[in-house]
Q: 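Attaching a single structure in structure tokens format; questions to follow.
Lettering of chains follows the sequences in order, A, B, ..., and the numbering in each one begins at 1. Since the model is a prediction, treat every value here as computed from it, not as a measurement.
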2 protein chains.
Amino acid sequence: MGQGVEWALHCCTLLALVPPDQTLPAARLAEYHGVPPAYLAKHLQAMAQAGIVESTAGRKGGYRLARPASEITLIDVIDAVEGGEPAFRCTEIRRRGPAHGVAADYKAPCGIHRAMTRADDAWRAELASTTIADLLRELSMSVSPVAIRKAAGWFQEALR
Amino acid sequence: MGQGVEWALHCCTLLALVPPDQTLPAARLAEYHGVPPAYLAKHLQAMAQAGIVESTAGRKGGYRLARPASEITLIDVIDAVEGGEPAFRCTEIRRRGPAHGVAADYKAPCGIHRAMTRADDAWRAELASTTIADLLRELSMSVSPVAIRKAAGWFQEALR
DNA sequence: GTCCCTATACTCGGATAGCAAGTGTCCGAGTATAGGCGG
DNA sequence: CCGCCTATACTCGGACACTTGCTATCCGAGTATAGGGAC
């Protein structure tokens, strides 16, 4: 899995704190997380195309969540950044080689393919059960007050 | 996910049909599945190192399952071929940037890390619930009789 | 004082290099076998 | 006829090129703003 997924998820938790009528530029997001700005922008573009975040151009422009944080699941973000294709790709090697049968025999997917699909579904279901809002709730209870104040101060500067 | 996983799993189902006192060379396994022999050998080596298959050198040598097919799960094979590292790697970017706190604040893993671990665990649990024996049982009920005869004929030749 | 216009500075967006990991291949070390030889 | 020895052919195992996709970066198109000027 690519590194961009981690960055995108952290960015979403930060964007969830932005008031609906304001935005946060990609450069500020990169600065906050200490990651390369240009590369982070690439992943933000992918999230914008997927309809997870909205972009505003021009001066005082930037990014903002496209819908409430409670309606954005982790799998939504991952699919946007990684492309949404399953990890396992069945190439139907059972049809090749000296013992292959006729095409009709291979109408149903093989057991390996099915097992992999079940595992992938379980993975996606678990990630679909957590939203950005859940992450924020968890953060608000675990982060120390001094860190919250520090972040709040930076936030005031960044939104300017 | 690499292509070798699919090959390795199909090879295991075939190796499960090998009598305990006989072996099947890597070249025959590659021939049966129509895949590059040298590259398949690489993955078979990984499975041998993980203790899933046993290798016998010399003439009449080859591969064989190291333990009963009912005691080999899909996650065992995947870990052997892919290395067993989780897909998501937390780089602790929360500790970087202008709003970082002291080291003690970050003792517990962050919510994103935990959610990813839960999803990975669900994926692994699903794959651990299926064994090579299960795949064989499923195959025996779905494959057409003519294909079984064809494969059996090839098998007689290959084991020679 | 109010409205409009223009220059500006800042934003996103896609097109462009670099690198690591998966992919594919090869040849050498080692061994059980098969045949021949001697007893 | 039986046992032993040697040459052989076949096996696995690790070391060596190549390609695809992730990583990283840059510059251009577009726009809301801020200031100045005209009324």
Q: Nearest whole angstrom, please: distance from the C1' of C:dT11 to the CD of A:Glu31.
A: 16 Å
Q: Measure the distance from CD on A:Gln49 to C1' on C:dG13 and round it to the nearest whole Å.
A: 9 Å
Q: Roughly, in whole Å, what's the span from CE in B:Met47 to P in D:dG14?
A: 15 Å
Q: Mark up nucleotides 22-28 of chain D, 5' to 3', with B wherever a protein heavy atom is under 4.0 angstrom from a base atom, S wherever such an atom reaches only the sugar-phosphate, and - elsewhere.
A: -BBBB--
Q: In terms of side-chain heavy atoms, does A:Asp120 have a donor or acceptor partner in A:Thr117 at a distance below 3.5 Å?
A: no
Q: Measure from CZ on A:Arg28 to C1' on C:dT11 and round the result to the nearest Å.
A: 11 Å
Q: Determine: side-chain N/O of B:Ser55 to OP1/OP2 of D:dG13, distance under 4.0 Å, yes or no.
A: yes
Q: Heavy atoms under 4.0 Å, any strand shown: does A:Ala26 hit a base, just sugar-phosphate, or nothing?
A: sugar-phosphate
Q: Which atoms form the tightest heavy-atom contact between B:Val81 and B:Ala8, and what is the distance?
A: CG2-CB, 3.7 Å
Q: If you apply the rule side chain to side chain contact (heavy atoms under 4.5 Å, CB included), what do you find for A:Phe88 with B:Ile78, and how did you get there?
A: CA-CA 11 Å; A:Phe88 180 82; B:Ile78 294 171; over 6 Å; no
Q: Relative to the 5' end of DNA chain C, which residue comes earlier, A:Gln45 or A:Arg59, by the nucleotide with the nearest heavy atom?
A: A:Arg59
Q: CD of B:Glu54 versus P of C:dT31: gap in Å, rounded?
A: 16 Å
Q: Which whole-number value in Å describes the distance from B:Glu85 CD to C:dG22 P?
A: 9 Å
Q: With a 6.0 Å cut-off (strictly less than), is the heavy-atom count around CZ of A:Arg67, excluding the residue itself, greater than 12?
A: yes
Q: Considering residues, nucleotides and ligands other than A:Arg89, do more than 12 of their heavy atoms fall under 6.0 Å from its CZ?
A: no
Q: What closest approach, in Å, do B:Leu135 and A:Gly111 show between heavy atoms, and which atom pair accounts for it?
A: CD2-C, 3.8 Å
Q: Taking CD from A:Gln22 and P from D:dA32, how many angstroms apart are they, rounded to a whole number?
A: 17 Å
